[in-house]
Every structure is written in structure tokens, then in C-alpha cells.
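Values reported hereafter were calculated over all heavy atoms of this structure, with side chains retained and with hydrogens, waters and symmetry mates removed. Position 1 is the first residue of the sequence; numbering continues from there.
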Amino acid sequence: MAKKDVQDYPYQKLGQLLGVIPHEDERGLILSLSSFAEESLRRLLMVYMRDVKSSAKLIEDFGAPLGTFSAKIAAAYALGLISDTQYADLEQLRNIRNQFAHTWTGVSFKTDSVRKRIDNLSEPRHGVPDSQFDPQFDKVRRTFSGTIAEMELLAERIKTLDLRLKPIAAHAVELTKQNKNRT
């Protein structure tokens, strides 16, 4: 795959997602956004971590410590890859997703616990309100399409600017040498 194709891939997928969303019901919206957000977190973590086999094992292997949506959110937050607001919103999305995914009937945006979680989402930072959608549907759509776009942009910047984590052990050796020279 050419470099441009690799760079364009997440944005092409995001464009596809945004094209599908208007045709989804509430459950489809939540499950689609959650799935894409989890994939964006995976991509963000992989591009930030060292380019070694154990990085992929942490995220992609069976029983991987960072294999769940919850663990990916926590890791990205702990590493400073997502903001406090993004973290809080992704946690709300994860909880809403769990309600929709683990209940086969009777869950909607009008369900009290779901409605409260949507009300607690940050105000969308991107996009224009669309009156064709229910206000709660539109808030979820805009909040998470913006968050996903921000994560994809950051992943691309990390890759383009070579901001991947560097081995700190090499730095520690250098620091030890510097400290010895000062004494």
C-alpha cells in the first residue's frame, strides 16, 4: 500500500461511517460508533507505542491486557493520548454500548439511564446540528464523529512527526553518564 493510501485509510473509513449513520437506528448508531471508536483507539495506541511485536500482543492477542474497549480507553487516557473530555465521553459511550449490546429489548435513548448518559456528554466540538435527527441522536452523532476524527488526526500526526514512544532505558544510561560527569 502506498504511503498516501495508508494515510487516507482511516479518513475513508470515517467517511463511510458518516454515510451509514443517518440510516441507523439508535442501537445501530451506538454499536457503529463504539466499534469505530475502539478501532481508532487501537490505531492510536499502536502508532504511539514502540514498533515491537509485544506492542501488538498487548492489544491484539487473545486475552490481551489492552484488548477491551475499556482498557483501550484507560490506556489512551493514562498515556495522555486523549483529553479529560474525550475520556469522559468515551466512558459514557462504552456504558451506553454495554446497555444496548447486553439487552435484547427495551433500551432506547429515552431509557432513563441512557438519556442521563447522553445528557452528560460534552457539547459537540464539531459539526453542525442537523434538524433531520432527534436532538439526542444528533448529539451522540456529532460528539463521537468529532472525537473519532480527533483521534484519527492525532494518530496521523504521531506517525507523520515521528512522535512514537522512544525507549527510555537508553535515556537512563545517558542520564547516568551525565550525572557522573557533573561530580
Side-chain angles (χ1 to χ4, degrees), residues 9-49 58-60 64-158 163:
Y9 174 78
Y11 302 110
Q12 290 171 353
K13 291 294 186 188
L14 182 57
Q16 288 175 341
L17 175 69
L18 295 176
V20 167
I21 285 175
H23 309 289
E24 295 287 354
D25 62 6
E26 294 171 351
R27 184 182 302 266
L29 174 71
I30 293 298
L31 296 177
S32 295
L33 287 171
S34 298
S35 178
F36 202 99
E38 185 170 4
E39 176 58 23
S40 293
L41 285 164
R42 184 200 68 76
R43 195 173 4 266
L44 182 57
L45 289 165
M46 287 299 297
V47 76
Y48 186 63
M49 292 193 299
L58 285 171
I59 295 174
E60 298 171 346
L66 302 179
T68 65
F69 191 22
S70 177
K72 287 178 184 85
I73 294 168
Y77 184 60
L79 291 168
L81 297 172
I82 58 175
S83 69
D84 293 344
T85 301
Q86 291 169 324
Y87 172 76
D89 285 345
L90 288 165
E91 280 294 306
Q92 295 293 0
L93 178 62
R94 182 184 63 78
N95 283 302
I96 295 168
R97 188 241 9 218
N98 285 346
Q99 284 188 262
F100 276 100
H102 299 295
T103 305
W104 62 274
T105 186
V107 178
S108 75
F109 286 0
K110 292 180 178 30
T111 301
D112 197 42
S113 58
V114 173
R115 183 186 48 74
K116 286 178 182 174
R117 290 189 185 285
I118 293 171
D119 289 347
N120 286 330
L121 292 175
S122 67
E123 286 304 311
R125 296 174 297 284
H126 306 282
V128 178
D130 192 332
S131 61
Q132 81 172 356
F133 298 115
D134 169 81
Q136 287 187 304
F137 188 100
D138 194 51
K139 183 176 184 181
V140 169
R141 175 187 72 87
R142 290 176 44 229
T143 297
F144 290 107
S145 59
T147 297
I148 289 167
E150 291 166 349
M151 291 188 300
E152 292 293 348
L153 178 61
L154 179 59
E156 191 56 41
R157 292 267 167 93
I158 289 169
L163 300 174

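In summary, E123 and K139 engage in a salt bridge, as defined by a charged side-chain N under 4.0 Å from a carboxylate O.
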Worked check of salt bridge (Lys or Arg N to Asp or Glu O under 4.0 Å) between R42 and E38: CA-CA 6 Å; R42 184 200 68 76; E38 185 170 4; over 6 Å; no
Chi angles and distances behind the side-chain contact (heavy atoms from CB on, under 4.5 Å) call for L93, T143: CA-CA 10 Å; L93 178 62; T143 297; over 6 Å; no
Full working for side-chain contact (heavy atoms from CB on, under 4.5 Å) between F144 and I30: CA-CA 10 Å; F144 290 107; I30 293 298; over 6 Å; no
Derivation of the side-chain contact (heavy atoms from CB on, under 4.5 Å) call for I158 and L44: CA-CA 8 Å; I158 289 169; L44 182 57; 3.8 Å; yes
Worked verdict on L17 versus S32 for side-chain contact (heavy atoms from CB on, under 4.5 Å): CA-CA 8 Å; L17 175 69; S32 295; 3.9 Å; yes
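Note: L41 CG to E152 CD = 9.5 Å, rounded to the nearest 0.5 Å. Taken to the nearest 0.5 Å, the CG atom of D89 stands 3.5 Å off from the OG atom of S122. Between the OG1 atom in T85 and the CG atom in L90 there is a gap of 10.5 Å [rounded to 0.5 Å]. Distance CD1/I96 to CD1/I118: 4.5 Å, rounded to 0.5 Å. Taking CD of Q16 as the reference point, atom CD of Q12 lies at 7.5 Å (rounded to 0.5 Å). Note that CG of L45 is 9.5 Å distant from CG of L58, once rounded to the nearest 0.5 Å.
Of all heavy-atom pairs between R141 and V128, the closest is NH2-O, 3.6 Å. Across all their heavy atoms, L33 and I148 have their closest contact at O-CD1, 3.9 Å. Across every non-hydrogen atom of E26 and F109, the tightest pair is OE1-N, 2.8 Å. A pairwise comparison of heavy atoms in L66 and K72 identifies O-CG, 3.3 Å as the closest pair. Nearest heavy-atom pair, Q86 versus S83, reported as atom, atom and distance to 0.1 Å: OE1-N, 2.8 Å. When all heavy atoms are compared, the tightest approach of D138 to P129 is OD2-CA, 3.3 Å.
A side-chain hydrogen bond (donor to acceptor under 3.5 Å, both in side chains) check over residues 94-103, counting only residues at least two apart or in different chains, returns the pairs E91-R94, Q99-S113.
Side-chain contact between L154 and I82: absent, with no pair of heavy atoms (C-beta onward) separated by less than 4.5 Å. The closest side-chain heavy-atom distance from I21 to F137 is below 4.5 Å. Between E150 and H126 the shortest side-chain heavy-atom distance falls below 4.5 Å. Between I59 and M49 there is a side-chain heavy-atom pair separated by less than 4.5 Å.
For T111 (side chain) and S108 (main-chain N/O), a donor-acceptor pair under 3.5 Å exists by modelled atom type. For the pair R117 (side chain) and Q92 (backbone), a donor-acceptor distance under 3.5 Å is absent. Distance alone, capped at 3.5 Å, is enough to place a donor-acceptor pair between the S40 side chain and the F36 backbone.
The ring pair (Phe, Tyr, Trp, His ring centres under 6.0 Å) test applied to F69 returns no partner, not counting sequence neighbours. Partners of R115 according to the salt bridge (charged side-chain N to carboxylate O under 4.0 Å, His left out) rule, which considers only residues two or more places apart in sequence or in another chain, are D112, D119.
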